[in-house]
Engineer: 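Got a structure for you, questions after.
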Amino acid sequence: MKSEQSTDILIIGGGVIGLFCAYYLSETNSRITILDKGPANEASSHGNCGLITPSHVLPLNSWPLVFTALKSMRKGDAPFHMKPQISKQFLNWGMQFLRNCNHNRVINNARSIQELLTPSRAYYDELFEKEEIECNWRQNGIYFLFKNKNEFDHFSKENELTSRFGQNAIRIPKQELLEKEPALREDIAGAWIYSDDAWLRPNELVSGLKKILVGRGVEFLESAEVVGFEKYKDRLINARTSKGVEIKSNQFVLAAGAWSPLLASKMGLNLPIIPGKGYSITMGNQQNAPTRPIIMMERMVVATPWSNGYRLGSTMELAGYDSSLNLNRLNALRRGASEYLKTSSQGNPEEVWTGWRPLTPDSVPIIGPSKKISNLTYATGHGMLGMSMGPATGKIVSDILK
Ligand SMILES: Cc1cc2nc3c(=O)[nH]c(=O)nc-3n(C[C@H](O)[C@H](O)[C@H](O)COP(=O)(O)OP(=O)(O)OC[C@H]3O[C@@H](n4cnc5c(N)ncnc54)[C@H](O)[C@@H]3O)c2cc1C
């Protein structure tokens, strides 16, 4: 049965980005509705690694990564895997990615990324001072761990670049590191630590935010997939959902993560975003877990320890909208971790998970008013860093719509 509702601001997508938009917007008097096709807060923002990393200012665009991707096409368990695709969206995205693989663009894009990462880190401090959200928030920095001595030494070049953006890592040689972290295997080379980096348990953060928003009167409409829009001239009038509800709104925010381009096309728009699939395995507390998160650099596996669990995550698979759980990739996470850590990652996991990062071709999210639809604001394309950039995105969107 068809029914109609109305609101002032309709946010499409209840992941970390939609929730942070609603959090700052709910400080105004507007009526806010969040629409989600699943339970809000259960998509990409649920099972990720939970790192809050101002250190990750550099975009993904680099020629070595392109060569790694090309070589990985035949390897089912490589940390970076690209499935050959001939869709127009993928080819356009790939061309734009290549155009951004030059030094000047990398530096410019890093500036834009920094403008989201640095304030977000400070807004997290404010958030946890103001609100009671139990989400294992810790701020001791994150190790970038190497097994190979040359790669370890060579990281000084990357550190020189990140230092330009206020992110300077400290080099920790092997012996000192082994004394600090008994969880590490003896055959590692050393680590760099960015001390501004922090971490949290993402599903707990998003559940905490949702609870606060419900308390503030934000309305959640879940299991309601947006299937179309009504438009008049350059304005959206309403969003039609699979539940038969039509929601009329003055303003629309598109925060649907990796699904954003599919929704944009229903509005006649084209967004350069593709899904970058990742995996995680979550276990209960493990004996001899590391004291802080570890990025195992050669394998690109992340281990995140919390007081109530332990997660291995990562891998990047460009394979379109394929949501299957590939056991090869899950096992590669375990194998990768066992090359660096004494911590066991065997045993029955509490959860095995896959999610899509919304990847733009220059690693810079798309935030701000649409040029073609006068009452549409974008908040999407956060790629590998949605948890780290959520608060600043929410503030920007709220400043635009206030
Ligand atoms: C393995 C892995 C590890 C990661 N680790 C980190 C990390 O350590 N730190 C970090 O900062 N980031 C990390 N990320 C990235 C981060 O998870 C994402 O950038 C972030 O979750 C994106 O948030 P979002 O709100 O844009 O999208 P999502 O959380 O995916 O939310 C989008 C929402 O839109 C809804 N939706 C989609 N289509 C429709 C529709 N038609 N109608 C209604 N609703 C719709 C979906 O149901 C979903 O709930 C990781 C990602 C992966 C995959």
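One-based numbering, in listed order, for ligands and for the atoms of each.
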Engineer: Does E4 pair with R240 as a salt bridge, N-O distance under 4.0 Å?
Structural biologist: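 Looking at R240 together with E4, the answer is no, because their closest N to O distance does not fall below 4.0 Å.
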Engineer: Do the side-chain N and O atoms of N375 and Q251 include a donor-acceptor pair separated by under 3.5 angstrom?
Structural biologist: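 Their side chains do not contain a donor-acceptor pair, so the 3.5 Å distance test is not met.
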Engineer: List for me each residue that meets salt bridge (charged side-chain N to carboxylate O under 4.0 Å, His left out) alongside K395, sequence neighbours excluded, and say none if there are none.
Structural biologist: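 Partners of K395 by the salt bridge (charged side-chain N to carboxylate O under 4.0 Å, His left out) criterion come out as none, since no residue qualifies.
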Engineer: Could you list all the ring pair (Phe, Tyr, Trp, His ring centres under 6.0 Å) pairs where at least one residue sits in residues 83-115, not counting sequence neighbours?
Structural biologist: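 Qualifying pairs: W93-F97.
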Engineer: Just the distances, no angles: every ligand 1 N or O to protein N or O pair closer than 3.5 Å, one line each.
Structural biologist:
| from | atom 1 | to | atom 2 | distance (Å) |
| --- | --- | --- | --- | --- |
| ligand 1 | 5 (N) | C49 | N | 3.2 |
| ligand 1 | 8 (O) | G50 | N | 3.3 |
| ligand 1 | 8 (O) | L51 | N | 2.9 |
| ligand 1 | 9 (N) | L51 | O | 2.8 |
| ligand 1 | 11 (O) | L51 | O | 3.4 |
| ligand 1 | 11 (O) | M387 | N | 3.0 |
| ligand 1 | 11 (O) | S388 | N | 2.8 |
| ligand 1 | 11 (O) | S388 | OG | 2.9 |
| ligand 1 | 12 (N) | M384 | O | 2.8 |
| ligand 1 | 17 (O) | S44 | O | 3.2 |
| ligand 1 | 17 (O) | S44 | OG | 3.3 |
| ligand 1 | 17 (O) | N48 | ND2 | 3.1 |
| ligand 1 | 19 (O) | G383 | O | 2.8 |
| ligand 1 | 19 (O) | G386 | N | 2.9 |
| ligand 1 | 21 (O) | S45 | N | 3.3 |
| ligand 1 | 21 (O) | S45 | OG | 2.9 |
| ligand 1 | 23 (O) | S45 | OG | 3.3 |
| ligand 1 | 25 (O) | V16 | N | 3.3 |
| ligand 1 | 25 (O) | I17 | N | 3.1 |
| ligand 1 | 29 (O) | S44 | N | 3.4 |
| ligand 1 | 29 (O) | S45 | N | 3.0 |
| ligand 1 | 29 (O) | S45 | OG | 2.5 |
| ligand 1 | 30 (O) | S44 | N | 3.2 |
| ligand 1 | 41 (N) | V226 | O | 3.3 |
| ligand 1 | 42 (N) | V226 | N | 2.8 |
| ligand 1 | 44 (N) | K37 | N | 3.0 |
| ligand 1 | 47 (O) | D36 | OD1 | 2.6 |
| ligand 1 | 49 (O) | D36 | OD1 | 3.2 |
| ligand 1 | 49 (O) | D36 | OD2 | 2.6 |

Engineer: Do N288 and T343 have side-chain atoms, one donor and one acceptor, less than 3.5 Å apart?
Structural biologist: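 Their side chains do not contain a donor-acceptor pair, so the 3.5 Å distance test is not met.
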Engineer: Tell me every residue that passes side-chain contact (heavy atoms from CB on, under 4.5 Å) with N250, counting only those two or more places apart in sequence or in another chain.
Structural biologist: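 So N250 forms a side-chain contact (heavy atoms from CB on, under 4.5 Å) with D8.
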